[in-house]
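Below is one structure, written out as structure tokens, with a few remarks after it.
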There are 4 protein chains.
Amino acid sequence: MEKNKAAILGASGYTGGELLRFLLMHPHVEASYLTADKHAGRNISDVFPHLGGFLDRRLETLDPDALPEDIDIVFLALPHGESARVVKELHKRNVKIIDLGADFRLSHGVYRDWYGEHPCPELIEEAVYGLPEINRQAIKGAKLIANPGCYPTSAILGLAPLLKEGLIEPDSIIVDSKSGVSGAGRSPSLDHHFCEVNEGVRAYKVGEHRHMPEIEEVLSVYSGTGVNVSFTPHLIPMDRGILSTIYVRLKKKRTTAQLIGLFEEHYGGERFIRISPEKVYPSTSQVRGSNFCDIGMRAATENNTAIIVSVIDNLVKGASGAAVQNMNVMMGFEESAGLEAPPIFP
Amino acid sequence: MEKNKAAILGASGYTGGELLRFLLMHPHVEASYLTADKHAGRNISDVFPHLGGFLDRRLETLDPDALPEDIDIVFLALPHGESARVVKELHKRNVKIIDLGADFRLSHGVYRDWYGEHPCPELIEEAVYGLPEINRQAIKGAKLIANPGCYPTSAILGLAPLLKEGLIEPDSIIVDSKSGVSGAGRSPSLDHHFCEVNEGVRAYKVGEHRHMPEIEEVLSVYSGTGVNVSFTPHLIPMDRGILSTIYVRLKKKRTTAQLIGLFEEHYGGERFIRISPEKVYPSTSQVRGSNFCDIGMRAATENNTAIIVSVIDNLVKGASGAAVQNMNVMMGFEESAGLEAPPIFP
Amino acid sequence: MEKNKAAILGASGYTGGELLRFLLMHPHVEASYLTADKHAGRNISDVFPHLGGFLDRRLETLDPDALPEDIDIVFLALPHGESARVVKELHKRNVKIIDLGADFRLSHGVYRDWYGEHPCPELIEEAVYGLPEINRQAIKGAKLIANPGCYPTSAILGLAPLLKEGLIEPDSIIVDSKSGVSGAGRSPSLDHHFCEVNEGVRAYKVGEHRHMPEIEEVLSVYSGTGVNVSFTPHLIPMDRGILSTIYVRLKKKRTTAQLIGLFEEHYGGERFIRISPEKVYPSTSQVRGSNFCDIGMRAATENNTAIIVSVIDNLVKGASGAAVQNMNVMMGFEESAGLEAPPIFP
Amino acid sequence: MEKNKAAILGASGYTGGELLRFLLMHPHVEASYLTADKHAGRNISDVFPHLGGFLDRRLETLDPDALPEDIDIVFLALPHGESARVVKELHKRNVKIIDLGADFRLSHGVYRDWYGEHPCPELIEEAVYGLPEINRQAIKGAKLIANPGCYPTSAILGLAPLLKEGLIEPDSIIVDSKSGVSGAGRSPSLDHHFCEVNEGVRAYKVGEHRHMPEIEEVLSVYSGTGVNVSFTPHLIPMDRGILSTIYVRLKKKRTTAQLIGLFEEHYGGERFIRISPEKVYPSTSQVRGSNFCDIGMRAATENNTAIIVSVIDNLVKGASGAAVQNMNVMMGFEESAGLEAPPIFP
């Protein structure tokens, strides 16, 4: 059977590269059309030598009108603002769209507070937040998916079962996240120059990172109650991975075993969630290259608090893997199609 | 003038190596006698090639009775428990002692809860907690110093001004710390094998690290009120450095500028504390190799919380640099003697 | 159709983990029986959390007699010497054997010079050196495969076309190799402790590494002429990857383009060899996690020398991927079965 | 006594930062005037937070005419070409000049072959190559110093004793160098973006790096015979350090012990050269942050070849430390003034 055809707009960055890797392993979809303005005219294997021999595609200039007729699904890996402008054009066509950027993740009001005017507000309501573990039904019928941010994915998956159960004070949540450098993208900058990052750790955008309102809004909608989060991202010297350490106050006394039981029940059928046993906390290295979110936890019964540790590969479950998972849900494929290779360690 | 003579018991580990580095730069003290059971009989430059040409000393077997008569000060860099047994012997002599281990940091009761029976309880009361920034007077007259733990140093220095001012809820404190690998010492183990640590981040000993009671007890004594801390250490792929992100609830509304003003006033004359300006947060790479503790902060006036980011080099301000600073205070030298070389970046 | 059953003896090290990863992706073979003396009784996902949910297998104590009857192929990832003793027992049975260790790579005389007495000399002649790119026919019919060393794989593949063509002086060869740390295995040691390796590079076993005679003997047999190699391995701070820079003197004037043409022709049908275009030299990061050997080169016509740069993932083409490739050849499967996932970058 | 005053033109890069670090430890010279076009108007501690509290200096725009009258010595850490234009202006004044760039390292003809037209050819002859270990007398009287390149320093110091003795074939030399990333400077670029470098090693500019003619010309002059070098630089994932592995053919049979003896005699009084004992090879981590060049070696008597392993910190002995050493020689200070702090490990 002929494969479905995907376009990747912004194919030369790290999320573009990972989309290509997963599509190369996908039974039903192939990467058929690629754009990358900075590298237009070059072959994809020039900018990603690791893909040499796998894929022979020219990188095109981004032009929504030039998108071939036979494209079934479009992935956008573009700077924020640019995504929305392209979506506006593509939406007229009969094509499914997954935006890996931030343009359709927030409600209009919140977007304006954090980013300014929205280039395409009329489509915000239609966009579906693409985290299947909390939103699968809506994704099934969606035409336009807002793929979640990397930090929010790790935070939301670590909090959803507790909030759903009404077990935590929704204004007590602290999310302390540690990220590898690939989350910052492939464009050179002093902040991500090798020697500036290596052998150091730093906090950045303390209390003002744009993923904070995303976490708050998604969890508020999900739990039906206003959620406030104190969010601090940190940059650490590694390529991939996010570990979020989440601190909450519990409304009721719960043991660690009870919390683990709650998470296991909540995420029972989920292919990409793994719950660690008591006293074991996941490392980002155990999800490297894969679409898993691994979660460990500890309750302190003496003061009704709990700590949840959630790890993902920021480029996979935090970006491209999630996008492929969303595509699978939208298009009716096995949800794990293309995503079944085990993590790679060490 | 002849230099004072120091002994280092346990000289072949990382803290031993750093003590040697600082003593080599010290105007008034020299490393005169070194022990390292595992390497007894070898020259120090065999186990630390970087010191080749600087120091020609044989490593001896540890034997308190064999300590030369002319030693003025003894640094102990030994496993916990062993320190206390050696201190018991050395204490009979007229020699100053700085224990870089954990044996004399806690009160007797707390020690028992976390470590078991103490090998030398009669000296616990005499020992002085060696953090000059909160305890300088007591250090001046001390004979036996308990050098602080690395995590506690970063946490205590980030909290002391707020607690002294009575500004924070003492049971609301969360300390999320990220450490380089040298804090785990130089003995090989799977947990600190290169490929197990590199390209990953993990939490460990969540809620049960022995530095938690140290932070709580020291801050309780310092502030005169019972302090509770939720402490989570993380291991990240770098050699040196600790960054502690500290979350507190404020009793009164304070702006970031006000908090910074408070810290600057509190630490006004301190040589080894640097306060970052508003919106700037320190990286561990800016204190590498040095005795500094750099602190940045942000207040959230909307909900009366604050985030403090505190960085040290765990082997320096978190261990050997602090020990030399303590020695300087005890022996009446310039407090920064031997510690004046700038940090090394990158 | 039921899958063939594989046993992995020594499953808890890095090569064991990678064998498991590739078998999990293999259409015709499954890992059915695992041993790991140090961890006997534990589940494989306790020692390799990244494989959690993929494989539920108990680790057994190594005992050749206890190997289940239904095993079709055995992979040995054991210390040298131990392999040979186990092979001696297993050889009596109707089972294919792939030894990832060094016991059957060398002729008897050379083995004795470098390792001492051989525990099972009677099987040395039967063993086939498992590098399909130079030895495919012999592998097809083999019962016992000696899987190549990691350094030799990178060196031999970079030299074979030139030697086959009689193009280089066989006593002029210099191989300067740089390896990630996983090549040293998973057993903790000071030399591979994080802080000893990170932020440094060193040469080791200069002129006396046991992979040197392997390179020399294999290439001598392959080219029919005595080959001498000066081999210097280096350890660099990364998990995976070997880059070998090879310096040779050419017997005849050749341009870079001519050399590239020669390599492309020689390796024409090879699935796992990729030749870089002129002026491009491969990075180990472009083969990470994959079974590729990528090769770039440059001829200096003014003095008839050439430099070849050859990169592999030491755990894959340098160990477990090659073992699976050998298995595929031995058992008549598609040679790339289980090995088709693209490299992972970054 | 008042200190001499130094200017650093191009103070915001890594070599600028290291010059500042060493001058802060210097007894007789202070950094008095700093330029950095990109950051003009900012304080040096804004671009180098590690120097906060040590130095309060505004960064100026580069303008040779604006150089204060009281400057005694000028360090240039500028892009090639720009250096020469500035030197042309500064040379009119009574000021000593140390150029850390490449503009005055080569003879006019060789410069033209590798860089094109020289902006200030009339001063090339006057410039003295600033490697005190081979050129101390000329440096003493010099007004203009060409500070050596980082790779050449490691290569030349590893070869000088052998060439001086006439012991090696001067056309057989292979230099395989591995460098940390700081050698590429502080300007962001894709090639030195964190994720492009981390977890990988690659060769670059094979056979066409501009440090190759520098090595050849300096050694030819030094030894009085034409020297040809095959030079291949590699980039490895660490901040600092160069390790050069040097392969040579010996004209006469020599044992390793004899070679070591030769090096020890040759470099007898040198403060910054350390020779490793037999069977020991230096790691870059043992010179980190220091001005040492450590050298180990092995002779293969069976075929009259030798391997020399030479390590430096590229930012120190390969750049700023060497510059301070040159200044000390030029100005009559103790040669190690400001450079006496031990290396920092780990």
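Each chain gets a letter, A, B and so on, in the order the sequences are listed, and its residues count up from 1. What you see below is based on every heavy atom in this structure, not just the backbone, and it leaves out hydrogens, waters and symmetry mates. Source: prediction; values computed, not measured.
Counting heavy-atom pairs under 4.5 Å between each of A:I242, A:T232, A:D176 and chain B puts A:D176 at the top. Heavy-atom pairs under 4.5 Å with chain A were tallied for B:R240, B:K279, B:Q286; the largest tally goes to B:K279. The candidate from A:G207, A:S172, A:S285 with the greatest count of non-hydrogen atom pairs under 4.5 Å with chain B is A:G207. In terms of non-hydrogen atom pairs under 4.5 Å with chain A, the most contact-rich of B:G241, B:P237, B:P346, B:G180 is B:P237. Ranked by non-hydrogen atom pairs under 4.5 Å with chain A, the options B:V287, B:V311, B:T284, B:D171 are led by B:T284.
Interatomic distance, B:L235 CG to A:I236 CD1, rounded to the nearest 0.5 Å: 9.5 Å.
Along residues 187-203 of chain A, the residues that come nearer than 4.5 angstrom to chain B, judged on non-hydrogen atoms, are A:C195, A:E196, A:N198, A:E199, A:G200, A:V201, A:R202, A:A203 in order of number. Listed in order of number, the residues of residues 295-309 of chain A that approach chain B to under 4.5 Å between heavy atoms are A:R298, A:I307, A:V309.
For the pair B:T245 and A:H234, the minimum side-chain heavy-atom distance is below 4.5 Å.
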